[in-house]
Amino acid sequence: MNRFDDDIGESDAFEAAASRPLSARAMAARPTPYLDGLNPEQRRAVETLDGPVLMLAGAGTGKTRALTARIAHLLLSGTARPNEILAVTFTNKAAREMKTRVANLMGQPVEGMPWLGTFHAICVKLLRRHAELAGLKSNFTILDTDDQVRLMKQLINAAEIDEKRWPARQLAGIIDGWKNRALTPDKVPAADAGAFNRRGPELYAHYQSRLRDLNAVDFGDLLLHMVTIFQAHPDLLGQYQRWFRYILVDEYQDTNVAQYLWLRLLAQGHSNICVVGDDDQSIYGWRGAEVGNILRFEKDFPGAQVIRLEQNYRSTGHILAAASGVIAGNKGRLGKTLWTDGEDGHKVRLIGHWDGDEEARWVGEEIEAMARGTRGMDPVSPDHMAILVRASHQMRAFEDRFLTIGLPYRVIGGPRFYERLEIRDAMAYFRLVVSPDDDLAFERVVNTPKRGLGDKAQQSIQKIARANGVSLVDGARLAVETGLIGGKGAKELRSFVHGLARWRDLMLGGLRPVGPGADLIDDDLIEEDRPVRKISHIELAEKILDESGYTAMWQNDKTPEAPGRLENLKELVKALEGFENLQGFLEHVSLIMDNEQDGEDPKVTLMTLHAAKGLEFPAVFLPGWEDGLFPSQRAMDEEGVKGLEEERRLAYVGITRAERVCTVSFAGNRRVYGQWQSQMPSRFIDELPEDHVEVLTPSGLHGHSGMGASASPMAGMMAGSDLHAQAARADVYNSPGWRRLQTNQTRPGLRQPSEARHMTIDAEAISAFAIDDRVFHQKFGYGTVTSVEGDKLGIAFDKAGEKHVVARFLVSADAADDVPF
DNA sequence: GGAGCAGTCTTTTTT
DNA sequence: AGACTGCTCC
């Protein structure tokens, strides 16, 4: 089942509309409003329609604006019709934003831009049209990483390789790498022959043929198959070259070899290709992106016009100067000089702390202070603040701290909604109902919840299915009918198989499918033929999850995560509302992944630097600037200078996210894999130009006054640059913090607008808990109240130990037990 | 089939 | 430290 953004459904009628030229009236009524307010470079980027164009767009220089205006210009000037423009992005989010913004610029709904989408979505669409050229049927399934790995595990075992020494994950990584480089099994270079204990190339070939048998592809295949098809069928390529008269590519610095080849094939001929990107923001080298693609553009496309967008509309002068200073350390850049005619603003603030906990504590207080308005700055809403970390595990210290002080935050990234265990399980059930021959889905849930069907039973099912050349579901049915599976599993398996059949019947409205493709049964037909009340897909989904015992499994689970998982399942069912049926939902499930529920309290954002690319915040915190953490030791070890430069670009991305205030911090000591280590401040701190940096004095409220002493790790920090020394010394002289401490203590409330509301909630919460009450906390799980001080409760958590927590993050344990579904 | 234990590993992430 | 995996033993 295809679970990713795949727009094949909207094809023909939609494209017919898209190919209609714009009405004369629309043209006449619209002069060129999309050009208003563009600076000369942007304008040039918009108006240079023919031939190759490289738009080098620095951070915050209005790149999306220029890109969307360019599309509007192509359309409104009558140069191209909507369906003649191929516009590629990396993420669905970017594609969606572009669609919306083009529509806004045009002042009229865009009648379909069928070829505006992600590389993958566009390739899916193309590949469904030409699947037979890749030995597939057009209804092929797209496997996710999970399925991929499971498949490879089977192949590794079949090849009698010790899966312990040679894990499937690693093989998946290797094969992915080859696919990123557009290498089919026969093209794997000799240099890579040794991969995976010399069995890599062979396993790759097996894997590909297995995929073909399953009528399935993985993500890498989408590009790879299209490149292969285009290379092998020049006539077909020619058609598309004529069809896509104008090509636009966003974030070109992130393209991998396969994407590059695909674009180059399509652009050959007219060369009307406009790529937009910033070599300084290339941070995905580790997953196959080739900065070289953008650096080489002028060679690849002779006569390319290079347009630099350098006027920055986002950040203050000091912030830009600091970012420029850092990135200047990289060699082999195309080179840009960002400038602004705005004010200098605040210098980048730098502060050192004793350890990671102290850093988190300080950031928490600083956020509260900034929300109130301090140091002559206007108050900044927590919504407008972000903490950007190098690695996601760094978030933990902040989460713990914010939970304790009751500072609302939101985490972006982490496992995406659809990647979560319970969601994948639920989806596997849906897949199995929609397409009963989805063997991978069957394997996933046949024994989830536990049905007493272990390896042995599953092997019997496999065997009988193979012997009869049927799917696993049918195999299971046979096994049940022939009594091949005995013991307690038999009964469970029977009810599982019957359940699947029953749910499928319900989905089809009581009719049995007639043949392939019969899934899509006409509603009218059902009404006339047999008046069955058709159960809604939402009811059906709930029924499936309930009757399969899946919901009950989590309800009976007492681990702290269980209630959250039930929540997620509810959310999943709710997400179904936006779709016509289960099939449609499965096709488009990628859309729910950025289902950000907003509109609640203002919250601070916590995310990785990678996730922050493309975003901006008035105030940004960049903690953990310590050598080994950032730049990451691993990046430097594995990739050397190349890795370091990518880390430096990450620093550049981080700083340039800030509009008005950017605060860099580091800690002298940090727990690394459970081990305390003393840390050296990041080398990137040395690279911050001093003129644009202000060293802050930490309050040292909870600090270690005696740390001036000899062998402390802080002494190591003092040995570094002037900036280190200042920041480190500042931690020692901690008196100025007292004033703020006093202020804080007399006015504990901080979020003025909602203070009253919180007070009420707190009051209720306090009265709700007493010592020895059993409580539940979303993050720490179950525990017992040990102390009550105002709204702060001491809790002995069963798993997480003693913690002090604000009352409103707790619910009574009884309430947590019966999370309804 | 499942509980419990020992050994391993630990950056970033979209589709 | 903590999560995850695979293995042993019941």
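Residue numbers begin at 1 in each chain, while the letters A, B, ... track the order of the sequences.
At the heavy-atom level, A/L453 lies under 4.0 Å from the strands shown only through sugar-phosphate atoms. Nucleic acid contact class of A/Y673 (heavy atoms, under 4.0 Å, all strands): base.
With B/dG2, B/dT12, B/dT15 as the candidates, the nucleotide lying closest to the side chain of A/H120 is B/dT15. Of the candidates B/dT12, B/dG2, B/dT14, B/dT12 carries the atom nearest the A/H610 side chain, counting heavy atoms from C-beta on. Comparing B/dT13, B/dT12, B/dT15 against the side chain of A/Y284 picks out B/dT13 as the nearest. When each of B/dT12, B/dT15, B/dT14 is scored by its nearest atom to the side-chain atoms of A/R287, the top-ranked nucleotide is B/dT14.
When all heavy atoms of A/S665 and A/E359 are compared, the closest pair comes out as OG-OE2, 2.7 Å.
When DNA chain C is scanned 5' to 3' for any atom under 4.0 Å from a heavy atom of chain A, the first and last hits are C/dA1 to C/dG6.
As a whole-Å value, the separation of A/D221 CG from B/dT15 P is 18 Å. Nucleotide B/dT13 holds its C1' atom 14 Å from the CD atom of A/Q148, rounded to whole Å. The interatomic distance linking A/Q170 (CD) with B/dT10 (P) rounds to 11 Å, in whole Å. In this structure, A/I412 atom CD1 and B/dT12 atom P are separated by 16 Å, rounded to whole Å. Rounding to whole angstrom units, CG of residue A/L615 and C1' of B/dT14 are separated by 14 Å. Rounded to an integer number of Å, the gap from CG of A/D176 to P of B/dT13 is 16 Å. Atom-to-atom, CD of A/E251 to P of B/dT15 comes out at 12 Å; the value is rounded to the nearest Å.
Side chain to side chain, A/Q208 and A/D221 meet the donor-acceptor criterion of an N or O pair below 3.5 Å. A/E399 and A/Y409 are linked by a side-chain donor-acceptor pair at a separation below 3.5 angstrom, with hydrogens and angles left out of the test. A/Q677 and A/Q675 form no side-chain donor-acceptor contact under 3.5 Å, judged by distance and modelled atom types alone. Of the N and O atoms on the side chains of A/D280 and A/N330, not one donor lies less than 3.5 Å from an acceptor on the other residue. With no hydrogens or angles considered, a side-chain donor-acceptor pair links A/N180 and A/N256 at under 3.5 Å.
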Task: Test ring pair (Phe, Tyr, Trp, His ring centres under 6.0 Å) applied to A/Y284 and A/W286, step by step - done: CA-CA 5 Å; A/Y284 286 108; A/W286 50 272; 5.7 Å; yes
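Distances shorter than 4.0 Å separate none of the side-chain N or O atoms of A/S632 from OP1 or OP2 on B/dT12. Checking the phosphate oxygens (OP1, OP2) of B/dT14, no side-chain nitrogen or oxygen of A/N92 falls inside 4.0 Å.
Stacking is not found between A/F219 and the pyrimidine-like six-membered ring of the B/dT14 base under the 5.5 Å centre-distance and 30° plane-angle cut-offs.
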